[in-house]
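Right, one structure below, let's go through it.
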Amino acid sequence: MILTTKDTIDQTKIFDQVKDDSCGAIVSFIGLVRDHNSKEKVEGIFYEAYDEMVEEILKNIEKEVFNNWNIKKFIAVHRTGYLQVGEISVMVAVSSEHRKEAFEACSYGIENIKKRCPIWKKEKTQFGNDWIEGVKINE
Amino acid sequence: MILTTKDTIDQTKIFDQVKDDSCGAIVSFIGLVRDHNSKEKVEGIFYEAYDEMVEEILKNIEKEVFNNWNIKKFIAVHRTGYLQVGEISVMVAVSSEHRKEAFEACSYGIENIKKRCPIWKKEKTQFGNDWIEGVKINE
Amino acid sequence: MNLSECTTLKIRLFGILREKMESDNLLISIHDTSISLKELRKYLKELYPSLGLNEINFVFAVNKVICNEDMNVKPLDEIAIIPPISGG
Amino acid sequence: MNLSECTTLKIRLFGILREKMESDNLLISIHDTSISLKELRKYLKELYPSLGLNEINFVFAVNKVICNEDMNVKPLDEIAIIPPISGG
């Protein structure tokens, strides 16, 4: 399951969805809005995505993960819109029989979301709103 | 926070405990009772621990993790007693500013729990109850 | 310029670029039925200096795929400028 | 054997060993105030063949730490036999 959403990401619900009786391991990564950046206090972050392209790329990442690792379920969700400190911006959860696969697939998932998904963020601090200088998208 | 417990491990509660406004990343590993082993259907697993020694070792692992990685919180909980298929036997959750540290510390945590904690399991299958052949404990 | 030879490309804008133009899209006219992304890059820099495309390391996505700039785009293609990303 | 020279060691049992002996502990008498783990290993194998210690790759924990078998243990030490583990 992969998607971008404007709704709150409910980690309990995702855990229930990724769970499977045949699996002995679940590894999850949760990205949250931090209360600071390298210089100052952060109040919140606005996330904007090229949704249709993100979903294409998430589909590709999902395929790659199932091709490369023997896992049972893969969930990747990215939120858009304005998020306050402590809210979940992204979650990747993987279930598998054994833990090695789940760790590797989860890590691959989040690394590739970061590198390949057209998503942009604007931080809100007491000094205003700034688009974060990002990195060139990976093909 | 580290402990062994006879109570159900509530992953939502642990997520709330490991969360911190200064953190941008949470990585968690959840171990669950699988419905099968390499040969047959499994109905449940009985976990027995040398609790006092496990807690000593978990304390050491916790110290090592904080010495080696720049993380905010580390939680490791291992359950004992009889668990049915799908129940959580062990959970390791780590929060940190950035994801790399959380992934590495979480993986280190579960690998070392597996290698160093005096815990034993007995599987219940339709053919009876069998202590699982384990590995020599790592000093 | 013979207007009958012009076609219109729609180019999607995101993030800082969308904000600078106060628009989700740029509509630009080209003097042919297609144009290479390389030419489009040059053209956009000339036509919209306020986008600041000289200062950012952007790429083009065509039909949701990052493309080599030798490629030609046509009016029905979904074209987007992808400025440096910062998701996660 | 002079009983006044004997001391008692308590050895904790877990898992398959606890089940085999139907007890959480073994109480064994030694003819001295201490004994090396190496000697204890030999002694236990002779004394309790039903534990099957020849068949498993066990180690000793003394006061919750895995110890080298050159070490001597005394009655107040918390001694445990640690059969192969399978936690997680």
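Labels below follow one simple rule: chain letters A, B, ... track the order of the sequence lines, proteins then strands, and each chain is numbered from 1. Computed from a predicted structure; not experimentally measured.
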Counting only heavy atoms not in C:E22, do more than 12 sit closer than 6.0 Å to its CD atom?
no
Side chain, backbone, both or neither: which part of A:W131 has a non-hydrogen atom closer than 4.5 Å to chain C?
side chain
C:K45 atom NZ: more than 12 heavy-atom contacts under 6.0 Å:
yes
How close do C:I85 and A:R116 get, counting heavy atoms only, and between which atoms?
CD1-N, 4.0 Å
N/O donor-acceptor pair under 3.5 Å between A:Y50 side chain and C:I82 backbone:
no
A:M53: which of C:V65, C:I66, C:N63 passes side-chain contact (heavy atoms from CB on, under 4.5 Å)
C:I66
Roughly how far apart are C:F60 CZ and A:I137 CD1, rounded to 0.5 Å?
13.5 Å
Sorted by number, residues from residues 35-44 of chain A in contact with chain C (heavy atoms, under 4.5 Å)
none
Return yes when atom CG of C:L27 has more than 12 non-hydrogen atoms of other residues, nucleotides or ligands closer than 6.0 Å, and no otherwise.
yes
Does NZ belonging to A:K114 count more than 12 external heavy atoms closer than 6.0 Å?
yes
Does A:K121 offer a backbone N or O that forms a donor-acceptor pair with the side chain of C:S86 under 3.5 Å?
yes
Beyond-backbone contact of A:P118 with C:F14, side-chain heavy atoms, under 4.5 angstrom:
no
Looking only at heavy atoms, the pair that brings C:P84 and A:G134 closest together is CB-C, 3.4 Å
What distance do A:E133 atom CD and C:N57 atom CG have between them, rounded to the nearest 0.5 Å?
10.5 Å
Give me the contact list for residues 75-105 of chain A versus chain C, heavy atoms only, anything under 4.5 Å, ordered by residue number.
A:H78, A:S89, A:V90
Is the backbone N or O of C:K64 less than 3.5 Å from a side-chain atom of A:E56, with the two atoms forming a donor-acceptor pair by type?
no
At a 4.5 Å cut-off on heavy atoms, which part of A:F29 comes close to chain C: side chain, backbone, both, or neither?
neither
